[in-house]
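This structure is a prediction, so every number in the text was calculated from the model and none was measured. By convention in this document, chain letters (A, B, ...) are assigned in the order of the sequence lines, proteins followed by strands, and residues within each chain are numbered from 1.
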Amino acid sequence: MADLALTSGTAMPREGVAARQTRGFGTILVAWMLMLPAIVTYVLMILLPLVVVLALAFTDYEFGAPGFRFIGLDNFAEMLGDRTFGASIRNTLVYSLFVVPLSIGIALLLAVLIEAGARGRAFFRAVFFLPVVSLTVAMATAWQYLLHPSIGPLNAVLRDLGLGTPNWLGASEWVLVSLGFIGVWENVGFNLVLFLAGLTAIPRDLYAAAEIDGVRSGWSKFWLVTWPMLGPTLLFVLIITMTRAIRVFDTVQTLTQGGPNNASEVLLRTIYQEAFHYFRFGYSAAVTLVFLAIVLALMLVQTRLIDRRVHYG
Amino acid sequence: MAGIVVENVTKSFGDTKVLRGVSLSVADGEFVSLVGPSGCGKTTLMRIIAGLETVTSGEVSISARQVTRLRAADRDVAMVFQNYALYPHLTVRQNMAVPLVMRRLTTAERLPFAGKVLPSARAKLAQIRTDVTHAAELLAIDGLMERKPAQLSGGQRQRVALGRAIVRKPSAFLMDEPLSNLDAALRVTTRTEIVALHRRVGASTVYVTHDQSEAMTMSDRIAVMMQGELLQVATPEEIYANPVDLRVARFIGSPAINQISANVTSSGVVEVQGQPVGLVSPARGPVVLTIRPEDLTLGSQGLAGTVEHVEFLGESVLLHARLGGGELVIARVAPSDRAHLGIGRPVALALRLDRAMLFATSNERLACAPTDDVAAAPVNREAVNG
Amino acid sequence: MAEPNATRSLTADLPRLALLGLAAFIALAPYLWMISVSMKPQSEVFAASLDLIPNELALIENYGKVLERVPVGTYILNGLIVCFGILVFQILFAVPAAYALAKLNFPGRDIVFGFVMLGLLVPYQTTALPLYIGFATTGLLDTYTALIAPFVCSVFAIFLFRQFFRALPDDLINAARIDGMGEFSIVWRVILPNAWPAATAFAIFSVVAHWNDLFWPLVVVQKGDLYTPAMGILAFRSVEAGEDYGALMAAALLVTAPLVIAFLFAQRRFIEGITMTGLKG
């Protein structure tokens, strides 16, 4: 998306060549015909629901109820005093602050390590990528076993070492860390392949030039060449990981159901619970808007920041 | 005193031998072009001199210092890359300062803000600034110092890359096809500028190119490389007039040298299509006779052929003629001769015998000399008339 | 990073390999124990030993229980139907639209593209409530339609294909027009065959995303015979298995396997696909 602003501006005149020759009513009709299925489904499945959710947020609509009324900002006012919602926002934030830096940092480190030698490249890349194609619900179950307080291998090791054996997914002080750890495990592979693509795109001659210019250590080369050249990839990965972290749902729903005592309640689960458990569609729609606002804010930061700071064009 | 000496260097990538025992000596301050078709190993040789590639065997020394096992960073060489390899996130000034900062500042002095805190760093940075400005003025890029590479034209980037190379006064200067990304007109003017720059800087220079005309116009000497071997190292004039190998003769010169299959009889007479051409040679059997286009003249006698194509170049005309044996030759003739050169007309092309050369079919140069009596004899008149 | 490193000796490479190996072990740990536990009898699981290799094989017990109690085959089939149903419509709808946006000039094009960009910004979870109401009122809950329909218009596919089509030379299309092709046959006979890399990349991205999705099936599906793999595991956990980790791991392994095996066979394509579509998570 970072490239979008650049390309959409520059390519306009060029594509006119093919277009100009076929302009006229016929082309216009053909163009709309080609787009028709997409437009119809877009309106039905995206645009209309979006408008409805915007409207719902200002109503007290409950699914199954005969009617509803507009209640202005009442839903949003209710959020301020809603302890579950408060926990949900806080937990989503903490989870993201845990997952984002760790999964990016670890992915970058592993990508650089993989690129640094010839041995095992394909193997390690495949291993770290495996979680991306694995069924999250199933893998969450495997983690549940690994982290099981009494029969899990992790606590077996800790017990042998004479350390404490926390109830990783059952204690409110550990549950977010545990979910965060699984989140890092899930996201590293995805970020890693993006970093690897970014690393291979760096011209080899820049490293050669750095060497000629007297740069000796790998550390200095990283800061002179790799880091700045990886800039666009890095900010891109940052935004993607953030939106992925904010949308955490599968692991929470599978492993903790938001518990214990809301200690792992997150935004998407709140939306789901309020709507499909309590049938409070109006309130759930309002939470949805908060969720959407956060995602849009991140996108805005991206377009503002990336295009200005990281593109050297 | 040799600037750069390469002794018997070989390089293999796996089973592929890229360099097969190359030796080259570049005198102090000399400009040597390394020229050859792509894939001949010239870039590998340059990267070995730079220290970006290790040798399989052999030695490299720069300014009488053994550098074979030294890293590029420790060799005191500068290099201009084909695509310039400028750091895209740094300004022109910062790009040019990198080699100086890396060499003159200690690790501590390179830390961010050290320049503001450490007096030693501040002094060095001031000196670097002066040096960079000086080099920029030399290249007339001092107006671009705060721009980033993406905001520069190809020619400007090329100058910045040159600037980054000359700023620290290296003992060896390496250029890897530095003009290949410029458009044709800019390439010609930049040639002259690089030569002028080399005269001012005076460092031993190795210049890699696949373009023989670049090598011819710029160099003190040319090293022609093919299939991992240096075939000939000599001045442009020598390479052009006196190639030791048929491959060198073919590679140098535009249009390419004419090659005519010939035969040396048991009495040593060189014959084309069974007719003596006025040369004798100690060799025997089938050979290749070569002659530059400008050494073929239109006359009433000589090699018989028919006009196939005529190219008008302004100061001269290139005449493409098909010989009796089916070979195509090109002669550079005066524009005034153009009138008689209708397509399909028979012509006779006379050789300047002192310029003709003989090569074995295995490419080595063979001796030959004009025979006085043959030149006078009307050997080919019948062929022309018939 | 520099080239000489690529050929360094094994001993010099050891620290790198050790670090990567450690990370790889952590990445693989859930898989290793998933396989191991799926073969262990319950008694061994509860002994909390660290042994990966079971003393006693309980393959038949665990896998038998899963296959007997859970229609794993149905889940996988549902997953396939949903993923391919979604993919076919996505390509069918997105390719012509993307072609029109990339190569035809018509009034309103920029506005349409603006809507595509808007769609890119909106996570699908945002529209879940109205869609649910829609499917509920039309009686389409608990149908394949409800599982597939919300995703048939992929703005991301339109965006991706448009970017790709723009890079195709105009002359290719002009040549096809001169050869007498209409715009519709150009789309399917000239553009799509040339868009194969983008289409493969998008297909992988789409299948991975929908195979793994839990949120939407959870919203619209109640009936067990429409469960997708993710739903199936979730239901098996809460209803049947409880703390029976042997059977649970066996079930998890069975539903994870198809995509993982596909990945192992076509790693390069998968990784390229995800990198190329990395724009959206």
Structural part of A:Phe276 lying under 4.5 Å from a heavy atom of chain C: side chain
Pair up each side-chain donor or acceptor in residues 281-298 of chain A with any protein partner under 3.5 Å, not counting sequence neighbours, and list the distances.
unit_1: A:Tyr283; atom_1: OH; unit_2: A:Asp82; atom_2: OD2; d: 2.5
unit_1: A:Ser284; atom_1: OG; unit_2: A:Ile271; atom_2: O; d: 2.8
unit_1: A:Thr288; atom_1: OG1; unit_2: A:Ser284; atom_2: O; d: 2.8

Contact class of C:Ala29 relative to chain A, heavy atoms under 4.5 angstrom: both
Bottom line for A:Asp160: the part with an atom under 4.5 Å from chain C's heavy atoms is side chain
Largest heavy-atom contact set with chain A, pairs under 4.5 Å, which of C:Leu118, C:Leu131, C:Val208: C:Leu131
Heavy atoms only, distances under 4.5 angstrom: which of A:Val157, A:Ile114, A:Thr136, A:Leu110 has the most pairs with chain C? Name it, please. A:Ile114
Could you give me the CA-CA distance, side-chain angles and deciding distance for C:Glu183 and C:Tyr99, then say whether side chain to side chain donor-acceptor pair (under 3.5 Å) is met? CA-CA 9 Å; C:Glu183 299 298 315; C:Tyr99 168 73; 2.6 Å; yes
Does C:Trp211 form a side chain to side chain contact (heavy atoms under 4.5 Å, CB included) with C:Ile76? I'd like the steps, not just the answer. CA-CA 9 Å; C:Trp211 182 267; C:Ile76 290 177; 4.0 Å; yes
Side chain / backbone / both / neither for A:Phe195 at chain C, heavy atoms under 4.5 Å: neither
So, the part of C:Val187 with a heavy atom under 4.5 Å from chain A: the answer is side chain
I'd like to know whether C:Thr127 forms a side chain to side chain contact (heavy atoms under 4.5 Å, CB included) with A:Val53, so could you lay out the CA-CA distance, the side-chain angles of the two residues, the decisive distance to 0.1 Å, and finally the verdict. CA-CA 7 Å; C:Thr127 51; A:Val53 90; 5.9 Å; no
Chain A interface, residue from C:Leu253, C:Leu19, C:Val116, C:Ile133 that has the most non-hydrogen pairs under 4.5 Å: C:Ile133
Full working for ring pair (Phe, Tyr, Trp, His ring centres under 6.0 Å) between C:Phe270 and A:Phe129: CA-CA 9 Å; C:Phe270 266 77; A:Phe129 194 74; 7.4 Å; no
Does C:Ile158 form a side chain to side chain contact (heavy atoms under 4.5 Å, CB included) with A:Met35? I'd like the steps, not just the answer. CA-CA 10 Å; C:Ile158 297 175; A:Met35 296 188 304; over 6 Å; no
For C:Phe215, which atoms come within 4.5 Å of any heavy atom of chain A: side chain, backbone, both, or neither? both
Under 3.5 Å: donor-acceptor pair, side chain of A:Gln257, backbone of A:Gln253: yes
Interchain contact, C:Leu218 with chain A, by part (heavy-atom threshold 4.5 Å): both
Do C:Pro217 and C:Met231 touch side chain to side chain, with heavy atoms closer than 4.5 Å? yes
Given heavy-atom pairs under 4.5 angstrom as the criterion, report whether the side chain, backbone, both or neither of C:Val37 touches chain A. side chain
What part of C:Phe89 lies closer than 4.5 angstrom to a heavy atom of chain A: side chain, backbone, both or neither? neither
For chain A, which candidate among C:Val152, C:Val219, C:Ile26, C:Leu28 shows the most heavy-atom pairs at distances under 4.5 Å? C:Val219
Quick one: of C:Gly108, C:Pro130, C:Ser38, who has the most non-hydrogen atom pairs under 4.5 Å with chain A? C:Pro130
Given a strict heavy-atom distance threshold of 4.5 Å, which part of C:Ala230 is in contact with chain A: side chain, backbone, both, or neither? both
What side-chain hydrogen bond (donor to acceptor under 3.5 Å, both in side chains) pairs are there with at least one residue in residues 21-33 of chain C, not counting sequence neighbours? A:Ser134-C:Tyr31
Do C:Met117 and C:Leu121 have side-chain heavy atoms sitting under 4.5 Å apart? no
Heavy-atom pairs under 4.5 Å with chain C - which of A:Val52, A:Val127, A:Val133, A:Leu109 has more of them than the others? A:Val133
Please state whether the side chain, the backbone, both or neither of A:Ile46 comes within less than 4.5 Å of a heavy atom of chain C. both
Less than 4.5 Å to any heavy atom of chain C: does that hold for the side chain of A:Leu113, its backbone, both, or neither? both
Where on C:Ala262 is there a heavy atom nearer than 4.5 Å to chain A: the side chain, the backbone, both, or neither? neither
Options C:Ala27, C:Pro30, C:Ala100, C:Ala252, ranked by heavy-atom pairs under 4.5 Å with chain A, top entry: C:Pro30
Search all heavy atoms of C:Pro107 against all heavy atoms of A:Trp32 and return the closest pair with its distance. O-CZ2, 3.8 Å
Find the one option among C:Gln90, C:Arg268, C:Gln125, C:Met34 whose heavy-atom pairs under 4.5 Å with chain A are most numerous. C:Gln125
Has A:Asn155 got a side-chain atom pairing as donor or acceptor with A:Pro149's backbone, closer than 3.5 angstrom? yes
Apply side chain to side chain donor-acceptor pair (under 3.5 Å) to residues A:Tyr207 and A:Thr226 and explain how you reach the verdict. CA-CA 9 Å; A:Tyr207 291 107; A:Thr226 314; 2.8 Å; yes
Answer with side chain, backbone, both or neither: which region of C:Ile204 has an atom nearer than 4.5 Å to a non-hydrogen atom of chain A? neither
